Amino acid sequence: MSSAIAQPSPDTIQILAHEQYESPESLTPASVHPDPLAQFRAWFTALAAAGTVREPEAMTLCTASAAGVPSARVVLLKQADARGFVFYTNYASRKGAELAANPHAALAFYWREVSRQVRVVGRAERVTRAESEEYFHSRPRGSQVGAWASKQSTVVKEGEVQARAEEFAQQFGEGEVPLPEFWGGWRIVPDEVEFWLGKPSRLHDRVRYTRQEGSADDAPQWKIERLSP
């Protein structure tokens, strides 16, 4: 057993490791961009260029049912634009159904290799059909067919999804795979964005942007504050 954990009883695991962060940079309200989406793009493009983080686009998406029951899963960011953060999915999936019933969500990016996190809270909206079409047809053909084959989040029998994929592949032949009506993108329009930079002794740098009430989506105004670690 790893020395980083202990198992004092068969049904208990204790985590013993105490990770220390040694980021040489600093993060303050004065050092960040006035726009959180611009600040995110700056961090993300630097990570992508350096290649030090595997799948920096991976993000935890948290949704909740109309009754407030939460659920979380990791999805992939596909676009960060001036309005928000875009990902794609089956609209009939659990996350799609929850966003339709309760159009609020949270995102979390964790980039361990560089001791950084980004946390987002916002409103969910569907992207346009044209945006979904453009992205869908940029995917590998197998993924396009897979979108038709998978009734996402439903219970299936062994081999059922693969059989459906083979049926749809035969049906579409060599022609274009159309975008399903039940598949497309969501954009999380942020009302709150926090940037986190790991520091020694858990004295992390935290800077939070909060959208000022009444500011327009196309020209939001942000309050920028430092948070206690």
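Predicted model, so just to flag it, every value in this text is computed and none were measured.
- Heavy atoms of other residues, nucleotides or ligands lying less than 6.0 angstrom from CZ of Arg202 number more than 12.
- Residues Val193 and Gln39 have side chains not in contact (no heavy-atom distance under 4.5 Å, counting atoms from C-beta outward).
- In this structure, Trp183 and Phe136 have perpendicular ring planes: the angle between them is above 60°, well past the 30° mark.
- The two residues Asp205 and Glu25 come nearest to each other via the heavy atoms OD2-O, 4.4 Å.
- Centroid-to-centroid, the aromatic rings of Tyr209 and Phe195 come within less than 6.0 Å.
- Within 6.0 Å of CD in Glu113 there are more than 12 heavy atoms belonging to other residues, nucleotides or ligands.
- When only modelled atom types and interatomic distance are considered, Gln152 and Ser150 share no side-chain donor-acceptor pair under 3.5 Å.
- Annotation: Gln171, atom CD; neighbour count of heavy atoms from other residues, nucleotides and ligands within 6.0 Å is above 12.
- Look at Arg129 and Glu181 and you find a salt bridge, because one of the NZ, NE, NH1 or NH2 atoms lies within 4.0 Å of a carboxylate O, short of that distance.
- Checking side-chain atoms of Gln221 against main-chain N and O of Arg211 turns up no donor-acceptor pair under 3.5 Å.
- Applying the 6.0 Å contact sphere to CD of Gln170 captures no more than 12 heavy atoms from other residues, nucleotides or ligands.
- Hydrophobic clustering of Ile, Leu, Val, Met, Phe, Trp and Tyr side chains at less than 4.5 Å, counting indirect connections, unites Val177 with Leu179.
- Note on Leu197: it clusters hydrophobically with Ile224, by side-chain heavy-atom contacts below 4.5 Å among ILVMFWY residues.
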Item to complete: Take Asp81 and Arg187 through the test side chain to side chain contact (heavy atoms under 4.5 Å, CB included) and record every step on the way to the result.
Response: CA-CA 10 Å; Asp81 54 33; Arg187 177 179 285 105; 3.0 Å; yes
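- Other residues, nucleotides and ligands contribute more than 12 heavy atoms inside 6.0 Å of the CG atom of Leu76.
- Ring-centre distance between Phe44 and Phe109: not below the 6.0 Å cut-off.
- Transitive grouping of hydrophobic side chains (ILVMFWY, heavy atoms separated by less than 4.5 Å) brings Phe40 and Leu47 into a common cluster.
- The closest donor-acceptor contact from the side chain of Ser31 to the backbone of Thr28 lies under 3.5 Å.
- Ser71 is listed as a side-chain neighbour of Glu98, based on a closest heavy-atom distance under 4.5 Å.
- When only modelled atom types and interatomic distance are considered, Thr63 and Arg73 share a side-chain donor-acceptor pair under 3.5 Å.
- Under the 4.5 Å side-chain criterion, counting only non-hydrogen atoms from C-beta, Val118 is not in contact with Met59.
- Side chain of Ser65 to main chain of Ala67: a donor-acceptor pair is present (N/O by atom type, distance under 3.5 Å, no hydrogens or angles).
- Hydrophobic clustering (side-chain heavy atoms under 4.5 Å, transitive across Ile, Leu, Val, Met, Phe, Trp, Tyr) keeps Val121 apart from Tyr110.
- Using cut-offs of 30° and 60° on the angle between ring planes, the pair Tyr21 and Trp196 is perpendicular.
- Note on Glu225 versus Lys223: salt bridge recorded, some NZ/NE/NH1/NH2 to OD/OE distance being below 4.0 Å.
- Side chain of Ser132 to backbone of Gly185: a donor-acceptor contact under 3.5 angstrom is found.
- Ring pair Trp148/Phe168 is tilted by interplanar angle, where 30° to 60° counts as tilted.
- From Gln117, atom CD reaches atom CZ of Arg206 across 9.0 Å, with rounding to the nearest 0.5 Å.
- Both Leu77 and Val75 belong to a single network of hydrophobic side chains, linked directly or stepwise wherever heavy atoms of I, L, V, M, F, W or Y lie under 4.5 Å apart.
- Here the side chains of Arg141 and Phe172 are in contact, with some heavy-atom distance below 4.5 Å.
- Residues Arg139 and Tyr88 form no side-chain contact, since every pair of their non-hydrogen atoms from C-beta on lies 4.5 Å or further apart.
- Side-chain N or O atoms of Trp111 include one that pairs as donor or acceptor with a backbone N or O of Pro56 at under 3.5 Å.
- Nearest heavy atom pair, residue Leu99 against residue Ala124, reads CD2-CB, 3.7 Å.
- The shortest side-chain heavy-atom distance between Lys151 and Val156 does not fall under the 4.5 Å cut-off.
- Here Arg164 does not pair with Glu160 in a salt bridge; the nearest charged N to carboxylate O distance is not below 4.0 Å.
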Item to complete: Kindly determine whether Gln144 and Glu176 satisfy side chain to side chain contact (heavy atoms under 4.5 Å, CB included), including the steps that lead there.
Response: CA-CA 10 Å; Gln144 296 179 38; Glu176 180 177 273; 5.6 Å; no
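- Contact check for Val127 versus Arg83: no side-chain heavy atoms found under the 4.5 Å cut-off.
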